[in-house]
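Shown next, in structure tokens, is the structure this report addresses.
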Amino acid sequence: MGRDTHQNSDVGTDSRTIIYIKKPTTPPAMEYTASNKQIVQILVEKCHSFGIKQVVLCPGSRNAPLIISFANHPGFTCYSIIDERSAGYYALGLARQLHEPVAVVCTSGTAVLNLAPALAEAYYQEISLVAITADRPAELIGQEDGQTIRQSRVFQKFVSHSIDLPVDETEELKAEASNYLERMFKWHMVFPGGPMHINVPLREPLYETTTCALVSIPKSVGDQQQKIETKIHKQLIEEWSQSAKILIVCGIYLPDEELNQAVNQLVQQKNIPVIASANSNLSGKGIIHSVEKLLLSLTSDDELLYRPDLLITIGGPVVSKRIKEFLRKVKPALHWDVDLSSRKVDTYNCLTKQVTGNPFFLFKYLNKKVEAKNETYLQTWVKANAKQQSLHDKFIMTVPWSDFMVYHTFFAKIAKPLNLHTGNSSPVRYIEFFRKNPFINYYSNRGTSGIDGSSSTAAGAALADDKLTVLITGDVAFIYDSNALWFNQLPKNLRILVINNNGGNIFRLIPGPANSGHLPLFETPHHASVKMICKAFHVYYLKASNEIELNQMLPSFLDTNAGATVLEVFTPAEVSAEVYKNYLQAH
Ligand SMILES: Cc1ncc(C[n+]2csc(CCOP(=O)(O)OP(=O)(O)O)c2C)c(N)n1
């Protein structure tokens, strides 16, 4: 127990500057030293005018013209991250936290493929991540030249736009590249969200520079405020009037106070029940968070009572498996999915209307125009929720030391605003059991639910916000993405709480693995040391093995004056799984 300090433990503070972070200067200088490649100059200027301000740079030679130009341009803050997979997730964390596009730049070859996980996550979370990859000129591809693979449109299925810039610098090609970039970025200003891939073939020499005039002025990226067409409104009002029982379900949503108010108004004034996962960042009286346990307690007779006539969904994926099963089974007569993107998502197999636009505007409109519903349906949900809450409170009195207890102890200590990231897969489920803490903004990588980038994403997000950024993750996910700590300016406000139950405890929580005869192949118990990983990267390390120690360690861990810190909490795997199952069955 206790804080392990290491030599050079000041890493993670701003005191060492080995690899720089360059802040934009205002007002910008009128000239800067750029690569002499004109296509690169055009690209950098277009990125600037598109509103990209943060760029994650991965090392390499083929991308030297890009590194030099972005690093010297006064409009960009650059971060140097070596591992491309981690770099992609850092960029994603930054973009999500800042609500603005962020670029990640890497060299050619397998470096490019390492950006794929973050791009896939960004695609399903609709985050503006711009992958800029250096490439060999076409004549060298497939000719056994070094570090060369087929990069053109390699991410086609996970990006909204793929573009190959020309290698030659004729006036015609430059104009074409400029126009294409302009059109692509403009499209993203109207329909924000979703990644892009810009592949940049470059010929040697790669390090020559020139003085360039600064020409671009940053525009602001789409304000995500598309109005929902009035024509659709009329139909919606009719369907609303016809439906006695209306239910709103919200999946992952970034914190949005305006939306939160509009949703609360629908609950309070229109008697509409709202189910919102913790990651929806919605809260208020009558909003239901812990739906998994509530739905488990329903009998088949109850199901009719809870079945909505009209289901309205907003946000990304929901965590609760039971809500998906329930809604697929009871099939609401009408289902509107309201989303900024025009991507069709029919999670519950009952979609009747896809509404493209900002849900806030729809809810604001409904709050003004529609009549309130009878209170009975809202009360059915609210009462069931209250019953589950009191069972939760009773259950806590009996819980032994386990993963569950770590969450309970942690939440009880939070009395200041913080950003909470949760890893996959059990942390993201546990937080659903607890009341929404008003001080906390919740985030997680539920676009594709990978365990490969939670720490890097949280670290990237921490760079973008002064608030404490806490990641709660399992030991497997932490070790998987341990290169997240491989950054000399690890943000001071980053805290990682690793629940070490010696393997993937999720595989003890879900039905199947335990009876397969091969539990170790799923759970993967291991001998890796979280403490030694922290030592290798010069990151503060704390540990706790029981409730008393955890209570002692949390104040240091949450101390805003400390540097980046990892708190490893050891829990028993079997007991944790038992507690989880007992919790869901206690009703
Ligand atoms: C990249 C990737 N590989 C594999 C998985 C499958 N998977 C989901 S959770 C998990 C184990 C996570 O274990 P840990 O981080 O220790 O968390 P715990 O289950 O103990 O809470 C695995 C391997 C995944 N989601 N993503």
Side-chain angles (χ1 to χ4, degrees), residues 83-86 88-89 92 113-125 158 252 278-279 292 317 319 321 401-410 420-434 444-458 470-485 496-514 516 518-531 533 543-545 566-581 583-584:
D83 174 336
E84 286 83 9
R85 192 187 77 213
S86 174
Y89 278 113
L92 182 135
L113 300 182
N114 278 297
L115 296 181
L119 285 167
E121 182 63 33
Y123 180 75
Y124 288 107
Q125 277 198 56
F158 302 112
I252 286 192
N279 285 308
E292 190 79 356
V319 174
K321 208 172 169 172
W401 178 241
S402 57
D403 288 10
F404 194 101
M405 209 55 203
V406 177
Y407 291 93
H408 172 64
T409 313
F410 172 80
L420 178 66
H421 290 239
T422 42
N424 290 306
S425 292
S426 80
V428 86
R429 289 168 203 231
Y430 273 105
I431 59 159
E432 296 273 302
F433 296 159
F434 294 84
S444 66
N445 282 349
R446 288 305 283 181
T448 63
S449 307
I451 58 167
D452 49 355
S454 318
S455 303
S456 299
T457 307
V470 179
L471 165 69
I472 303 185
T473 179
D475 47 309
V476 174
F478 174 77
I479 295 162
Y480 198 128
D481 188 25
S482 54
N483 275 353
L485 305 183
I496 303 181
L497 194 160
V498 183
I499 300 183
N500 189 345
N501 42 36
N502 194 27
N505 204 252
I506 184 73
F507 296 110
R508 288 176 183 263
L509 310 184
I510 57 173
S516 69
H518 292 291
L519 182 60
L521 295 181
F522 296 93
E523 188 185 31
T524 55
H526 57 85
H527 302 291
S529 162
V530 169
K531 180 178 174 177
I533 289 172
K543 69 172 179 176
S545 303
V566 169
L567 168 58
E568 183 178 24
V569 185
F570 294 94
T571 55
E574 262 177 60
V575 178
S576 292
E578 275 311 299
V579 168
Y580 182 95
K581 286 178 199 160
Y583 178 75
L584 285 177

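Remember, it's 1-based here, ligands and their atoms both numbered in the order they're listed. All values derive from a computational prediction rather than experimental measurement. Note: hydrogens, waters and symmetry copies are ignored here, and every other heavy atom, side chains too, is used.
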Exercise for the section: Identify, for atom 9 (S) of ligand 1, the protein heavy atom at the shortest distance, and state residue, atom and that distance. Expected result: Ser425 OG, 3.5 Å
Handout entry: Nearest-neighbour protein heavy atom for atom 6 (C) of ligand 1, which is reported as residue plus atom name and distance
Key = Phe507 CZ, 4.4 Å
Problem - Heavy-atom pair of closest approach, residues Tyr89 and Ala118 - result: N-CB, 3.6 Å
Exercise for the section: Starting from atom 21 (O) of ligand 1, locate the nearest protein heavy atom and write down its residue, its atom name and how far away it is, to 0.1 Å. Expected result: Ser426 OG, 2.4 Å
Practice task
Apply ring-ring contact (aromatic ring centres under 6.0 Å, His included) to Phe410 and Tyr430, showing your working.
Solution key: CA-CA 12 Å; Phe410 172 80; Tyr430 273 105; over 10 Å; no
Completion exercise
If you scan protein heavy atoms around atom 13 (O) of ligand 1, the nearest is Gly504 CA, 3.2 Å
Problem - Lys/Arg N to Asp/Glu carboxylate O, Lys531 vs Glu568, below 4.0 Å - result: no
Handout entry: Spacing of CG belonging to Asp481 relative to OG1 belonging to Thr473, to within rounding of 0.5 Å
Key = 8.5 Å
Exercise for the section: May I ask you to check whether Phe478 has an N/O atom sitting below 3.5 Å from an N/O atom of ligand 1? Expected result: no
Handout entry: Which of the ligand 1 atoms, numbered from 1, are nearer than 4.0 Å to a heavy atom of Asp452
Key = 1 (C)
Problem - Inter-residue atom distance Tyr580.OH - Asn505.CG, 0.5 Å rounding - result: 10.0 Å
Exercise for the section: Report yes or no: do Asn445 and Ser454 form a side-chain donor-acceptor pair below 3.5 Å? Expected result: no
Practice task
Quick one: pull up OH in Tyr407 and CG in Leu497 and give me the separation to the nearest 0.5 Å.
Solution key: 8.0 Å
Exercise for the section: Considering heavy atoms of the protein only, find what lies nearest to atom 5 (C) of ligand 1 and give residue, atom and distance to 0.1 Å. Expected result: Ile451 CG1, 4.1 Å
Exercise for the section: State if Gly503 counts as touching ligand 1 under the rule of any non-hydrogen atom under 4.0 Å. Expected result: yes
Exercise for the section: Provide the number and element of each atom of ligand 1 under 4.0 Å from a heavy atom of Pro427. Expected result: 21 (O)
Problem - Check: Asn501 N/O within less than 3.5 Å of ligand 1 N/O - result: yes
Practice task
Starting from atom 17 (O) of ligand 1, find the nearest protein heavy-atom neighbour and note its residue, name and distance.
Solution key: Gly474 CA, 3.5 Å
Problem - Nearest-neighbour protein heavy atom for atom 20 (O) of ligand 1, which is reported as residue plus atom name and distance - result: Asn505 N, 2.8 Å
Exercise for the section: Give a yes/no verdict on whether any heavy atom in Ser449 is under 4.0 Å from an atom of ligand 1. Expected result: yes
Problem - Test of proximity, Asp475 against ligand 1: N or O pairs below 3.5 Å - result: yes
Exercise for the section: Please state whether the rings of Phe522 and Phe507 are parallel, tilted or perpendicular, taking 30° and 60° as the class boundaries. Expected result: tilted
Problem - Value rounded to 0.5 Å, distance of CG in Asn502 from OG1 in Thr524 - result: 8.5 Å
Practice task
List the closest protein heavy-atom neighbour of atom 15 (O) of ligand 1: residue, atom name, distance to the nearest 0.1 Å.
Solution key: Ala477 N, 2.8 Å
Practice task
Look at atom NZ of Lys321 and say whether more than 12 heavy atoms of other residues, nucleotides or ligands are closer to it than 6.0 Å.
Solution key: no
